Each structure stands twice: as structure tokens, then as C-alpha cells.
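The block underneath contains the structure these notes are about, expressed in C-alpha cells.
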Amino acid sequence: MKSAVVQLPGLNRDRDMIAALTRISGQAPVAVWQTETDIPDVDLIVIPGGFSYGDYLRCGAIAARMPVMEAIRRKAEAGVKVLGVCNGFQILVEAGMLPGALMRNASLKFVCKEIKLEVVNADTDFTRAYETGQIIRCPVAHHDGNYFVESETLKSLEDNNQIVFRYAEGTNPNGSLSDIAGVVNKRGNVLGMMPHPENLIEAAHGGNDGRGIFASALEVVAAA
Amino acid sequence: MIKARVTVTLKNGVLDPQGKAIEGALGSLGFEGVNQVRQGKVFDLEVETGDRAKAEEQIKAMCDKLLANTVIENYSISLV
């Protein structure tokens, strides 16, 4: 399975993401620069974390209006899987590819620690390696991860099983509504999540709980 | 040329932790009776057109597309 990693000025988790994808898929992802309007044929496009455009205006707001996002939107409409992690999640909501908004953490503090995630829906292209209800460890590092949606949209997210991850066991680090840590679009091929699974994929990271997301998306579950 | 000011505020019902922190800080400075603080953003723009209706229409599009996140924010436009 081929993958691509989007690069924008101010993103700083792209190298971690490239390393994780290379390790898990056995081949290096294609790097795609923000001005590109055509993305090569891949099965998974990843928008990594960081601080695109210095978080100016709103986190992800400027990046979401770059040409590459139109190309990603077209790919997503054609069924290609898209994963946005941290700033990547913020970019996807700003681009309108996922519902909701990510606001300043309720504590007003940047949080950088390990939390626990409940896999709320293991029946997605990104979570097949897990079981529904499974609790996994995952690092978070963000200032604006406080997920918000209107109550009507929240209900439709719940009804359509679009909430994929929730912060578990009282570890909600940001005040996120309904403990939401990750949501998928209706079609199920665009996932956004605040935690960083790419930083927990091998023994050297102290665990591999995050590996299943990439293994699922890259369809290498058996090898995981 | 027309000058305009766009004010972006959080919608009612959206929690504003920054506003809360400012409210607390005002209290600790001894300002009593502040019931609520909501933080927003102000943009001052200059647009080339001389047509006020056209300017307002353009700026409205800018708000919808970029300046405000209408999931959580309202905006108002005033031409100077």
C-alpha cells in the first residue's frame, strides 16, 4: 500500500510520520508539498502534526486553504483514505472535510503527555486492528484540541458511529466535548485525531499501541 | 477605496476558556461586578472598490471563507 505525507511550512511531525509509515508499510511515503495540485496514486494520504503557518488566525486555517487541500479533497471524494493527526486534524476540520472545530484547550495550557484512548468504533478502515471498546495508550501534544460541535451534529456523529476515539479513564486532556479524540467522515475514509499514534509504534517508543492505525489503513494488519 | 472593520466573536453557547481566564484576572485586579468576558478578534481591511455594496459582499465572502470559522464564530462587518 502506497502512502503520501503532506508537507506545509510549520509542520514538524512530518519526519516522525514518514518514519512510521516507512517502518510499517515497508516503503517510504511520497512527500507532497503544499502547492501541488496533483497527488500521485496512493492509498493513504497523511497530514501530520505541527504548527502550519504558525497557527495564525486559527490552527490549520491557512493550511486548509492551500492548493494541496483541493487535491486532497478530490482524492478523498474518489475514496482514497486520508488521515489527519493533531494539526492535520485541525486542517481537516478547517477545510470542512470533517465536522466540528478544535478550540483552545480548556486549561489554556499546552499539553504534552500520554493519555488513554477508547477505540469507540473498530469497524473503520483505520481501526480494524483493534477491537471496539479496547483501551490503548497514545501520546498527545497540542494547545488546541478541545473538540466542539453543535448538539445536532454531535447526535449525527453518534448515530453514524463517526466517533472513532474517545479519551478514556478520565484522561481528557483538553476539555473536548463528549471526550472526543478522533472522528471519521460519513463515508469512513477521512479520519482526524488529536493524539499522535506515530509516536508509539515500536519497542523503542515504549510500546506499539499506535501501530494498529497505520497497519489498518495500510492493510498490513496481519504483519502488525 | 473603502475601509472596513470585521469583528469576529464566539457564538453563544461556545465555551470561551480564554474569556474566563481574563474575567478571573480582572477580578484579581479588583474590578468587581464583571459578569462575563468573551474574547474575539478584529480585522481592519482596505478594499480597492469604491462601491460599498460590492465591498460588503466581498468582505462577507472573505468572512465565510476564511476570517471566521462559522462552526463556532459569528461575524459582523462595518464599513467606515
Side-chain angles (χ1 to χ4, degrees), chain A residues 52-53 55-67 69-70 73 87 89-111 142-157 172-180 183 185 192, chain B residues 3-31 34-48 55-80:
Chain A
S52 58
Y53 289 89
D55 284 345
Y56 293 167
L57 186 61
R58 297 176 304 273
C59 297
I62 312 280
R65 276 86 183 167
M66 287 297 120
M69 288 309 296
E70 257 325 296
R73 189 193 308 274
N87 196 205
F89 185 14
Q90 295 164 339
I91 293 169
L92 287 172
V93 296
E94 277 286 345
M97 291 175 66
L98 288 173
L102 289 150
M103 303 176 48
R104 182 53 47 100
N105 294 345
S107 64
L108 299 177
K109 292 193 172 88
F110 190 96
V111 290
H142 60 252
H143 207 165
D144 298 76
N146 187 349
Y147 187 77
F148 177 84
V149 274
E150 291 167 64
S151 53
E152 224 169 87
T153 315
L154 177 63
K155 188 166 184 315
S156 86
L157 287 177
N172 184 340
N174 52 38
S176 185
L177 184 73
S178 197
D179 294 328
I180 291 171
V183 295
N185 65 343
Chain B
K3 290 186 178 181
R5 172 163 285 188
V6 172
T7 307
V8 176
T9 51
L10 281 177
K11 286 182 178 176
N12 286 336
V14 176
L15 286 176
D16 180 11
Q18 293 176 100
K20 278 272 167 222
I22 295 164
E23 189 183 318
L26 287 172
S28 62
L29 282 171
F31 293 104
V34 179
N35 289 332
Q36 182 166 252
V37 177
R38 306 278 284 169
Q39 181 177 307
K41 295 188 185 100
V42 167
F43 303 87
D44 287 328
L45 290 88
E46 291 179 12
V47 290
E48 270 189 3
E56 187 149 1
E57 189 187 323
Q58 269 185 355
I59 295 168
K60 188 175 181 307
M62 293 176 199
C63 289
D64 287 327
K65 283 196 164 170
L66 180 62
L67 299 182
N69 178 346
T70 53
V71 176
I72 49 170
E73 293 169 331
N74 290 321
Y75 61 84
S76 64
I77 301 164
S78 63
L79 301 186
V80 185

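In what follows, chains are A, B, ... by sequence order, proteins preceding strands, each numbered from 1. Remember, it's a predicted structure, so these values are computed and weren't measured experimentally. The figures that follow rest on heavy atoms only: side chains count, while hydrogens, waters and symmetry mates do not.
- Nearest heavy atoms, B:Pro17 versus A:Ala106: CB-O, 3.6 Å.
- Closest heavy-atom contact between B:Ile72 and A:Phe148: CG2-CD2, 3.4 Å.
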Record all donor-acceptor atom pairs with a distance under 3.5 Å between chain A and chain B; write none if the list is empty.
| residue | atom | partner | partner atom | Å |
| --- | --- | --- | --- | --- |
| A:Leu57 | O | B:Lys41 | NZ | 3.1 |
| A:Arg58 | NH1 | B:Leu66 | O | 3.1 |
| A:Arg58 | NH1 | B:Leu67 | O | 3.0 |
| A:Arg58 | NH2 | B:Leu66 | O | 2.8 |
| A:Arg65 | NE | B:Lys65 | O | 2.8 |
| A:Arg65 | NH2 | B:Lys65 | O | 2.6 |
| A:Glu94 | OE2 | B:Asn69 | ND2 | 3.4 |

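- The minimum heavy-atom distance linking A:Leu108 with B:Ala21 is given by the pair CD1-CB, 3.3 Å.
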* Could you go step by step and tell me if B:Leu66 and A:Leu57 meet the side-chain contact (heavy atoms from CB on, under 4.5 Å) rule? -> CA-CA 9 Å; B:Leu66 180 62; A:Leu57 186 61; 3.7 Å; yes
